[in-house]
Amino acid sequence: MSKEIKGILLSRLIVLFSIILVPIAIFLIYNFAGFDLWFSNDQKLEILIMNIICPIVFSVSWVFFLILFAERFSNTLDDFDKKISVVPSRLKFFYGINAVYILFIFIFPLITPVVAILSFASFAWRLTTFKKKRWEDDTKIAVTTWVMMGLFALLPIFCSVVVLPKYFILADFLWNDIWLEYLDLLFSVSYSLFTALAIGSLIILVYNSGISEYEQIFAEPTEKRSYWNVRILELFLFGFFLILDLYQFGVIEFFYILGFIIIIITSVVNFFRGKSKYRGFKSHFVGYIIAVVFIGSNVLFSTGVISEFLKVWSLVISAVLYIFVLFYTFLRLD
């Protein structure tokens, strides 16, 4: 069942915001990252290529790509959410942000040239074949179409050759000066949010003797209730735990351990109650694999038994797993 906000599918809302925000992000990157031309010192040529042509080419390409596969992206997000439904909310939040950051630093820049070339080639295809009403298996593609596709692809290929070497400099800056710098703060926010949600999850579980909405995706319409009072409590607890963490009060470790124990109990109870109570209750094997990896990493982080170096690489591996499942879902979607 797709999540909704006032009747609007959340997945489609995310895709819509992506269509708006991705071009804005590309223009901001190219105008504030300080890219320069590696083959010329001409200032005017640099501004023309780096600040105007490249962001336009890549923005148009992504907008076209997102619109073309809008429904598929939306369905991918829904299916992906089902696959990781057994992962506790706090872990979804933390590792989700981590995965988005890794995606933005390393994967997004590398696939952007591919998206741009395919998009511009597709423009040429559509311009030269829009009069074609029927396509058969043995239909031959005109030479003109192939030539136009090649010509249209030259511009994004040029932009990619110009920009790609500079992306590695940007990735190094984002990783060392921003990501690692604020990683501890993200941990604090994530732990505080998780502990607050864990307590709220336990209250809901006891209150309705059913399935906590934080850990499972399935519930009958008649079981839906409003828990605004629990939401307010969670918000208060989140702020309380975050203050304890930021000011390094020792008692916060007790609350974190308590939250971790609670989430294990609620996850186990939710699973067995869901299997026995609802015929349509579903769990996904891949979701449990992700949950094991995430929770296992969480235990290692919280106990401090791994070094800072291994801690960072554990985050990278977890993010790669997250991204792999997302891409796999997109490619395998019916």
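In what follows, residues are counted from 1 in the order of the sequence shown.
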Measuring from [X]:[atom1] to [Y]:[atom2], what's the distance to the nearest 0.5 Å?
| X | Y | atom1 | atom2 | answer |
| --- | --- | --- | --- | --- |
| I47 | I53 | CD1 | CD1 | 12.0 Å |
| F330 | L77 | CZ | CG | 10.5 Å |
| D79 | L333 | CG | CG | 6.0 Å |
| E253 | I257 | CD | CD1 | 6.5 Å |
| F254 | T195 | CZ | OG1 | 11.0 Å |

Notebook entry, point to check: Taking only residues two or more places apart in sequence, or in another chain, which ones meet F241 in a ring pair (Phe, Tyr, Trp, His ring centres under 6.0 Å)?
Noted result: F255
Grab the two heavy atoms, one from [X] and one from [Y], that are nearest each other, plus how far apart they are.
| X | Y | value |
| --- | --- | --- |
| P113 | L164 | CG-CD1, 4.4 Å |
| D36 | E46 | CB-OE1, 3.4 Å |
| S122 | F64 | OG-CZ, 3.4 Å |
| I19 | V63 | O-CG2, 3.9 Å |
| V115 | S61 | CG1-O, 4.0 Å |

Next item on the list: Please test F108 against V22 for side chain to side chain contact (heavy atoms under 4.5 Å, CB included), starting from the C-alpha separation and ending with a verdict.
Entry: CA-CA 11 Å; F108 181 77; V22 166; 4.2 Å; yes
Next item on the list: Take I157 and I117 through the test side chain to side chain contact (heavy atoms under 4.5 Å, CB included) and record every step on the way to the result.
Entry: CA-CA 7 Å; I157 289 175; I117 293 170; 3.6 Å; yes
Next item on the list: Show the numbers, then the answer: is there a ring-ring contact (aromatic ring centres under 6.0 Å, His included) between F120 and F123?
Entry: CA-CA 5 Å; F120 272 74; F123 294 156; 5.2 Å; yes
Item checked: Co-members of the apolar cluster containing L118 [side chain, <4.5 Å] -> V114
Next item on the list: Check N31, V163, L45 against M50 for a side chain to side chain contact (heavy atoms under 4.5 Å, CB included) and give me the one that passes.
Entry: V163
Check: Parallel, tilted or perpendicular: which describes the rings of W62 and F65, with under 30° parallel and over 60° perpendicular?
Finding: perpendicular
Note to self: Ring-plane angle category for Y247 and F249, please: parallel below 30°, perpendicular beyond 60°, tilted otherwise.
What the structure shows: tilted
Notebook entry, point to check: Just by modelled atom types, is the I14 backbone N or O under 3.5 Å from a matching donor or acceptor in the S18 side chain?
Noted result: yes
